[in-house]
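Residue numbers begin at 1 in each chain, while the letters A, B, ... track the order of the sequences.
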Amino acid sequence: MMFNERLVNLLPGRMRNQVAQWFEAAEIFGEMRDPKVLAAIGPAGVRGLLLQRGKQGVPTQMPAAHKAHFDWRYPHDNAEMASLYRRAKEGQWNGDSLPWHIDVDPFNPEVPLIPADFIDTAKLASFGVRLDGREELRLRYSLTAWMLSQFLHGEQGALFAAAQVTEAVQFFDGKMYGSTQVMDEGRHVEVFHRYIDTKLNKLYQINDNLYVVIDSLMTDGRWDMKFLGMQIMVEGLALGAFGVIYKQTKEPLLKELLRNVIQDEARHVHYGVVALREQFRDHLTERERSEREDWAYEVALLMRNRFMAFEVYDEWFAHRLTRSQWRELVSTSPGMMDFRHVMFVRLIPNLREIGLMSPRIVPHYERAGLMRYYHGRSADQLTGEQLLTDLH
Amino acid sequence: MLKRTPWIERAKGLVPAQWRRDARMVLDGLAGRPPPPYWSTGTSSRAEASQPTALPGARALRVAALTRETPDAVSLTLVDPRGEAIVYRPGQFFTLALRLNGEVLRRAYSASLPMAEAMPPGSVRVTIKRVAGGRVSQHLNERAGAGDIIEVFGPSGSFVVEGAPTTLVLVGGGSGATPLLAIAYDALARFPDTRVVFLVGNRSTGDILFRDELAALAERHPGRFALRHVLSVPPEAWGGGVGMLDAETTGRELDGLSLEGAAEYFVCGPGPMMDAVRQCLRGRGVDAVHIREERFSSPVHTAAEQPGGDVAVTARVGGRSYTVVNRAHETVLESALRQGAPMPFSCTMGGCGACRMKLREGAMTMEEPNCLSADERSQGYVLTCIGRATRACVLEAEPS
Ligand SMILES: Cc1cc2nc3c(=O)[nH]c(=O)nc-3n(C[C@H](O)[C@H](O)[C@H](O)COP(=O)(O)OP(=O)(O)OC[C@H]3O[C@@H](n4cnc5c(N)ncnc54)[C@H](O)[C@@H]3O)c2cc1C
Ligand code: FES
Ligand SMILES: [Fe+2]
Ligand SMILES: [Fe+2]
């Protein structure tokens, strides 16, 4: 690490950031212990981190290979999924009925999008970058637009993954339920896009690490990997992230938007837990199970260590801070810490519930400081309402 | 002649476009030209299309059925797609908001049936008469179709019967028959001791709205429902009244209807007709409190009324003060609602008075005509739904 940094600093300035970025990527993959996991994430990693396929300014084509599972007998095969389907039908809402008439002024300090301490400006000053009041507001606006843009990109992934999973899953009740999730995700794309497009007017490109996760599970043919990736990892992390903004924003339209989305997402993660618990317990060999366990661990680390708003860094500080200074700033700022904390509060108990926290992996989570979330409640024990009251 | 392509061009053709983009990405990165971190976005057309009106509180209703009443009038049956009943009183109207050529036009249309008669139950029927050169009325007459979704505000208005009058006299011209029909159905069904007189003026037989329905009502309630048609261009052998509903013809017709006892008058139709009827009734000694009127005019917004730029407006509503900016292209109501002030309103087109506020300071222009009376104007009342501030204003809502 130190060696890399010194090496990077010898390069001409404009090349420096690019090469530092590649070293970081190489580091991620160098640390992966299981060759199968490396094989599963590696190609997506090259496409996302090196070639930056998500940022090329044109639509991305991802080959998707999985089996569509038809059943001409229409069995009633899973009561819990059937009940989720019923709840989902009743929980439908119309994106148009959010209070869109509200004028959002991202620079109004009286109605902040995110709180003032979201990013630690004292630390920024200690790196030699001083922002005046107006600039601080602009930076927070950028960060909000960045987070919401990543939510939106994640929702696009969720929309397609939900459709794929609906085809691939073997429970018929799961397929029925899945159809509602496709609608839900479409609505989430609608409302996040509309908020970004008409209220913030700023759409960030997809974060490279988020791209890697989406690419790797879209192209993986195994349905339970898609499930694990989308329903548990991306949705679980998103649920936490939505919650932080929901709790902290003073902007009424955004709050209302997130309140509605969170209720849907709670169902989605619940479904993921129900579907995978049985699959992992009864239908996989130990070798297959532990591969998924490792995969989940690597993705959790990827999101914890690398989901660092580098797009905002590129925009604001590429010439003023090094990437590692930015990383330090983001990982120690109160708002961002809260952000990551809540992400894992939701995720870790779900991994436990589906059987991906065996004694084999626990020491690794321990070292990553993530075991303190182990005893929380998993999604199948939580309703959307409880999730929201938890946040107050 | 075979044109020679440079080798590099030919080589490019062999490499998939994706690989070329990949290579460019890597090289650009090394050259210090990273991809742009974000795009600036404007209102994309998709978001625009799903944003039907500028005001909150509208609901999307579906056209369940269309009935052609006359060559120039169509009835639309509107239902709530979620199955909720549409609740209103006979005589009230709904505001239909349509986006035509990029502009949102809001027009009032009265329910032409009471709730009890609505088919299917929970729906509302509105009847739209084509106005020459009229944008909304033409559009609905020519292009509305079953399945269309229309944004609707309301119900609004106080053109409703209170209590059970001994005699109810309904005087209407043209499309003015619409709310009167709903009132007639309702009064005949609910007040067994009330006598209903329906005097309706049209140009020719082909223009008469609800002719069959009115005839059926008369048949169902002999002795309690007196129906009288007046035509300005009558056919041969016409048994009804003849002429325009001016003061003289109206007086003659009322004489012939042998009205006895106290009566409540409900008048609705074109402006000149209404003025004439009022003059006639006052001349016959009818007290103004017994004459109820509904004017069918929509306010006209002309560019000349557009003030130059953004003007500050302070609105005192529900014990709190809200200061908002009245944007040049918006009404005071539109600006204030968008900026979070809980303003009162209902019809959004100057027809009901729900948005009435007192202008304490400043100046405002209003589209005309509207439902404010001369009295209200002299007391400094304004309608925010059709008002635009020309100078900084302070407005006060009435304590509710
Ligand atoms: C409270 C209320 C209830 C109403 N209920 C009904 C109803 O039940 N059925 C119905 O058909 N209409 C009703 N109207 C009238 C309706 O709201 C519209 O004004 C009418 O349809 C014309 O709109 P437009 O867009 O077609 O015409 P516009 O494009 O607004 O106007 C075009 C031209 O027509 C003139 N014009 C506008 N309105 C009228 C009119 N009523 N008669 C003659 N000329 C006019 C205008 O001055 C202008 O020159 C009601 C109006 C009010 C205020
Ligand atoms: S809202 Fe009806 S008059 Fe303004
Ligand atoms: Fe979603
Ligand atoms: Fe979801």
Legend entry - Close side-chain approach of M25(B) and R53(A), heavy atoms under 4.5 Å: no

Legend entry - Distance-minimising heavy-atom pair for D22(B) and L51(A): OD2-CD1, 3.4 Å

Legend entry - Heavy-atom pair of closest approach, residues H101(A) and L337(B): CD2-O, 3.0 Å

Legend entry - Worked check of side-chain contact (heavy atoms from CB on, under 4.5 Å) between R338(B) and I102(A): CA-CA 5 Å; R338(B) 257 194 336 94; I102(A) 290 173; over 6 Å; no

Greater than 12 external heavy atoms within 6.0 Å of [X]'s [atom1]:
{"X": "K250(A)", "atom1": "NZ", "result": "no"}
{"X": "W93(A)", "atom1": "CH2", "result": "yes"}
{"X": "R391(B)", "atom1": "CZ", "result": "no"}

Legend entry - Rounded distance (nearest 0.5 Å) linking atom CG of N94(A) with atom CZ of R59(B): 14.0 Å

Inset, instruction - Enter the distance from Q18(B):CD to R47(A):CZ here, rounded to the nearest 0.5 Å. - result: 9.5 Å

Legend entry - D103(A)/R327(B) under side-chain contact (heavy atoms from CB on, under 4.5 Å): CA gap, chis, key distance, verdict: CA-CA 12 Å; D103(A) 228 5; R327(B) 300 267 158 83; 3.9 Å; yes

Inset, instruction - Below 4.5 Å from any heavy atom of chain B, which atoms of V58(A) appear? Answer side chain, backbone, both or neither. - result: side chain

Legend entry - Leading residue by heavy atom contact count with chain B [cutoff under 4.5 Å; candidates Q61(A), E311(A), Q56(A), K55(A)]: Q56(A)

